[in-house]
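Here's the structure, in structure tokens; my notes come after.
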There are 2 protein chains.
Amino acid sequence: MLSKKTKYGLKALTYLASVDSKEPIQIAEIAKHENISQKFLESILLSLRRNGFLGSKKGKGGGYYLIKDPSEILMTTVMRVLEGPIAMVPCVSLNFYEKCDDCPDEHECSVHKLMLQVRDSALEVYRSNTLADLLE
Amino acid sequence: MLSKKTKYGLKALTYLASVDSKEPIQIAEIAKHENISQKFLESILLSLRRNGFLGSKKGKGGGYYLIKDPSEILMTTVMRVLEGPIAMVPCVSLNFYEKCDDCPDEHECSVHKLMLQVRDSALEVYRSNTLADLLE
DNA sequence: CCATTACCCTATCGTTTTTATAGATTTTAA
DNA sequence: TTAAAATCTATAAAAACGATAGGGTAATGG
């Protein structure tokens with residue numbers, strides 16, 4: 001299951017991209033427009049800022065804004081920041097690899113074999129989609 | 001993340017297919033061979049039986065056995081029974097559809113759009129793999 | 001009858017997710 | 001300089017879920 005964090009994060013990014021304004025957009029506006037808990041969204045936007053997707057401005061007239069062009073924001077990086085590993089099992093993860101403690105040999109493991117294919121197919125989707133692609 | 005239930009279930013199915021015996025295999029043997037908690041495996045095998053993948057025999061010499069040929073066991077059906085929906089979001093699920101309560105219109109939703117592609121790509125993998133394919 | 005093994009129900013523990021609460025800090029506008 | 005508007009920070013509560021254990025019941029074979 002996709003976490004709400006990721007879902008809300010994607011929606012917020014999409015909204016910011018659709019508004020296409022250089023002016024910062026306030027959290028409250030995004031939350032209202034996307035039916036999201038404002039406080040929850042607050043922490044999501046914060047992590048998106050820390051990871052280089054968003055810029056922010058404090059005080060009156062402040063808010064969040066996209067730092068890069070939507071066509072340069074790949075879904076692979078967004079997903080990894082919001083959702084974590086793209087692989088369904090750590091032993092097939094490119095960026096979050098971890099050995100299974102119950103598996104003596106990965107190369108003999110049927111689960112490994114299947115999940116490798118699933119990872120690759122998901123990766124291809126994320127790689128071929130930017131934020132701009134989700135807009136229209 | 002893939003749940004351990006699914007992981008263990010797949011491993012158990014693979015083991016039963018690899019043994020290729022008409023004789024029932026005991027839970028304890030599967031659990032030991034795959035390093036799985038026996039009690040947990042118990043409930044997993046039970047649900048696999050209830051869903052038509054396995055047969056069982058009680059008492060001395062009892063155990064579980066495959067009811068169909070491994071080449072006829074599609075990963076789509078296995079995954080749906082063990083893991084649930086293949087889609088990451090209910091609003092793009094074929095077998096477990098549910099409307100999002102925060103989304104006024106699915107067709108306008110960027111998350112929907114992306115997750116539709118992810119679902120289709122995963123589906124293609126699961127459809128093209130049977131239990132027999134995981135064996136070798 | 002007795003040992004073995006699957007079946008079934010329930011409780012528990014731990015983790016993660018989601019949301020809520022409360023305030024601190026920074027910036028801007030007047 | 002002051003007040004308001006907004007982001008930032010920390011905490012924790014609540015809910016959901018995952019994984020596992022315990023103990024008893026039912027069937028089966030010898």
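Chain letters run A, B, ... following the sequence lines, proteins first, then strands; residues in each count from 1.
- Contact annotation: B:K57 reaches the phosphate of D:dG29 (side-chain N/O to OP1 or OP2, under 4.0 Å).
- For A:Q26 and C:dT27, the CD to P distance is 17 Å, given to the nearest whole Å.
- When rounded to the nearest whole Å, the span between CD of A:E23 and C1' of D:dA6 equals 15 Å.
- The distance between atom NZ of B:K5 and atom C1' of D:dA19, rounded to the nearest whole Å, is 12 Å.
- Taking atom CG of residue A:L16 and atom P of nucleotide D:dT7, one finds them 11 Å apart after rounding to whole Å.
- For A:K58 and C:dT25, the NZ to P distance is 10 Å, given to the nearest whole Å.
- Under 4.0 angstrom from either OP1 or OP2 of C:dA20 there lies at least one side-chain N or O belonging to A:S37.
- Nucleotide D:dA6 holds its C1' atom 10 Å from the NZ atom of A:K39, rounded to whole Å.
- In this structure, the CD atom of B:E29 is 11 Å from the P atom of C:dT5, given to the nearest Å.
- The CD1-P distance, from A:I44 to C:dT17, rounds to 12 Å in whole Å.
- Checking A:Q26 against A:Y64 by side-chain atom types alone, no donor-acceptor pair falls below 3.5 Å.
- Under 4.0 angstrom from either OP1 or OP2 of D:dT7 there lies no side-chain N or O belonging to A:R50.
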